[in-house]
Amino acid sequence: MIDLKLLQKDFDGTAKALMRKKVTLEVIEQLKVKNEALKVAKRAFEEAQAAQNEMSKLFGVYKREGKDIAELKAKVDTNKEKLVGLVETQREAEEALNTLVMGVPNIADADVPDGADEEENIELRKVLTPPTFSFDAKEHWELAEKNNWIDFEKGVKLAKSRFCVVQGMGARVERALINFMLDFNRERGFNEVSVPSIVNRTSLEGTGQLPKFEDDLFKIDGEELFLIPTAEVPITNLFQDEILTASELPIKLSGYTSCFRKEAGSGGRDIRGMIRQHQFHKVELVSITTPEQSEKVFEEMVSCASDLLTALELPHRVVQLCTGDLGFSAATTIDLEVWLPGQNTYREISSISNTREFQARRAKIRYKNGKKNELVHTLNGSSLAVGRTMVAIMENFQNEDGSINIPKVLEPYIK
RNA sequence: GGGUCUUUGGCAGAGUUGGUCGAAUGCACUGGUCUUGAAAACCAGCGAGGGUUAUACCUCCCAGGGUUCGAAUCCCUGAGGGCCCGCCA
């Protein structure tokens, strides 16, 4: 949630910043109007309430002194009637503002480049050189089936399209990857947590998936519960509505979960293979920091994920997202894109974001800075998406005969 | 799923004959005295959100309703937790 005070203090500057994230001027003006309307409604209510409270207190005094309360009661009753209307007005104003502001995305950092979409993202650097093959590189689904790593039909049989079954050496590599990543992250100071894969509405509102993106989520029928689209949700919300002490920050966590996404808007994209599944595994990094710490920790998270790819000998590039490609909650995002020889292109395998205080304000995560309570910064990033890492391994480590080598670092994990 | 008890500030824990309770006390925390420094001891401050230049003032004792001039305190509904029973990996 953005800081509404910014609109009061510097309307033009804030409006300009919001428009970089495609918020219309109309919405921004409505924010201001509704915010002011709420203030007026609140003041009116509070004045009447104060009078009410004062008169109620008099009852006690009168009773003790044995005075007649008839006149006072009449006054109170009149005021009470007035109060009912004022409460309603205030409630409506509150709701109007709230529905509006919950749908407004975070402001991008000033140094995030302008741009309409992913075409205008900026490549910061490349790490490792893509391999050259003396044969035509195959795509991962072909390799997966040839080596019996993945059975795509079985996934459809069990559930529906965009589900698959991983088996044999594929399943062992998958498990090895998860363990390797968690160990790697722990060495970098990210402590391991294991969290629920189902969360409530409050948690999803806290991290920004709700109310706007309900269509992307799997909802449990008859309950206000949802399958998580990313471990960012449960891990960040671990601290929801808490006041942390400065000395315990930064908190750096790493967790492995399955993730569930409806992929409602993705049409027929990546229908083949395991690039875009309804259920996939991911190891996630989440950090809770003071505002001063967040830059540094952000860099640590980017390095952590990038070094992981390097350790796995996977060529990749580091990309700074432009405003048009930034997510709802993000103030800045770095994507890591891994090289896929079969597709002859780089594909996203990790996305690391700093949401600044956007999620903290929604989820009420604060820390005690001296005497004052201040909002923390929350950061999240994929350590790596496991499925896409599998894809990358298959395509980069393929041999001419279609067999697949295993990255050296995984060997201790595959006994 | 049935029954029963319970839900208070960072934590623990008073408060349940409705008014002077946003709330005792202890711990933690912050500042100070003392000390070479620290600990201990002592003194002071210390729930959260909104509002104000600052006060005032408003809201919040799990959530939502209700009774009342007035509710942490009474009633209803729901959610979380404990225990007992049933069921089941």
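Predicted model only: the values in this text are computed from it and were never measured. Every chain is numbered from 1 and lettered A, B, ... according to where its sequence line falls, protein lines coming before strand lines.
- Figure legend. B/A38 is base-paired to no nucleotide; pairs are counted as Watson-Crick or G-U wobble with both atom distances under 3.5 Å.
- Without hydrogens or angle criteria, A/D10 side chain to A/L6 main chain gives no donor-acceptor distance under 3.5 Å.
- A heavy-atom distance below 4.5 Å is not found between the side chains of A/R366 and A/E374.
- In this structure, the CD atom of A/Q90 is 18 Å from the P atom of B/G49, given to the nearest Å.
- Pairing for B/G1 is with B/C85, a Watson-Crick or G-U wobble pair whose two hydrogen-bonding atom distances lie under 3.5 Å.
- The side chain of A/K39 approaches B/U52 more closely than any other nucleotide in the set B/U52, B/G19, B/C58.
- Remark: the separation of the C1' atoms in B/A72 and B/G18 is 10 Å, to the nearest Å.
- As judged by a 4.0 angstrom heavy-atom cut-off over every strand, A/E242 is placed among residues making no nucleic acid contact.
- Using a 4.0 Å heavy-atom criterion, one finds that A/K5 contacts the sugar-phosphate atoms exclusively.
- On the C1' atoms, B/U7 is 15 Å away from B/C60, given to the nearest whole Å.
- Among the nucleotides B/G70, B/G50, B/A48, the one closest to the side chain of A/K368 is B/A48.
- Comparing B/G70, B/U59, B/G49 by their nearest atom to the side chain of A/N53 picks out B/U59.
- In a base pair of the Watson-Crick type (N1 to N3 plus N6-O4 or O6-N4) or a G-U wobble (N1-O2 and O6-N3), with each distance short of 3.5 Å, B/A56 is matched with no nucleotide.
- Among the heavy atoms of the strands, none lies under 4.0 Å from A/R43.
- Here A/K75 lies out of heavy-atom contact (under 4.0 Å) with every strand.
- Between A/R362 and A/E205 the shortest heavy-atom distance is NH1-O, 2.8 Å.
- In this structure, A/L58 and A/A51 both approach RNA chain B, and ranking their closest nucleotides by distance from the 5' end singles out A/L58.
- Closest of all the heavy-atom pairs between A/L384 and A/T389 is CB-OG1, 3.6 Å.
- Nucleotides B/C21 and B/C76 place their P atoms 28 Å apart, quoted to the nearest Å.
- When the C1' atom of B/G50 is taken as reference, atom CZ of A/R361 falls 14 Å away, rounded to whole Å.
- Listed nucleotides: B/G51, B/A48, B/C69. Nearest to the side chain of A/R366: B/A48.
- Rounded to an integer number of Å, the gap from CD1 of A/I243 to P of B/C46 is 16 Å.
- Remark: A/K282 fails to qualify as a cation-pi partner of A/Y256 under the 6.0 Å distance and 45° angle criteria applied to the six-membered ring.
- Position along RNA chain B of the nearest nucleotide to A/M55 versus A/F45 favours A/F45 as the more 5'-ward residue.
- For B/G49 and B/U55, the P atoms lie 15 Å apart once the distance is rounded to whole Å.
- The nucleotide whose nearest atom lies closest to any side-chain atom of A/S56 is, among B/C58, B/G51, B/G19, B/G19.
- As a whole-Å value, the separation of A/I198 CD1 from B/A79 P is 17 Å.
- Atom CG in A/D241 sits about 9 Å away from atom P in B/G10, given to the nearest Å.
- With both pairing distances under 3.5 Å, B/C27 is matched to B/G10 as a Watson-Crick or G-U wobble pair.
- Distance A/K364 NZ to B/U59 P: 19 Å, rounded to the nearest Å.
- Distance A/N373 CG to B/C29 P: 17 Å, rounded to the nearest Å.
- Across the P atoms, B/A14 and B/G26 are found 15 Å apart, a figure rounded to whole Å.
- Comparing the same atom, C1', in B/A23 and in B/U73 gives a spacing of 12 Å after rounding to whole Å.
- At whole-Å resolution of the value, CD in A/E248 and C1' in B/A28 are 13 Å apart.
- Pair assignment for B/C69: B/G19, on the basis of Watson-Crick or G-U wobble contacts that are both within less than 3.5 Å.
- Side-chain rings of A/H278 and A/F218 approach one another, their centers coming within less than 6.0 Å.
- Atom C1' of B/A71 sits at a distance of 14 Å from the matching atom of B/U17, rounded to the whole Å.
- Two rings, from A/F328 and A/F358, have their centers less than 6.0 Å apart.
- Comparing the C1' positions of B/G45 and B/A56 gives an interatomic distance of 22 Å, to the nearest angstrom.
- Comparing B/G50, B/C69, B/U59 by their nearest atom to the side chain of A/Q49 picks out B/U59.
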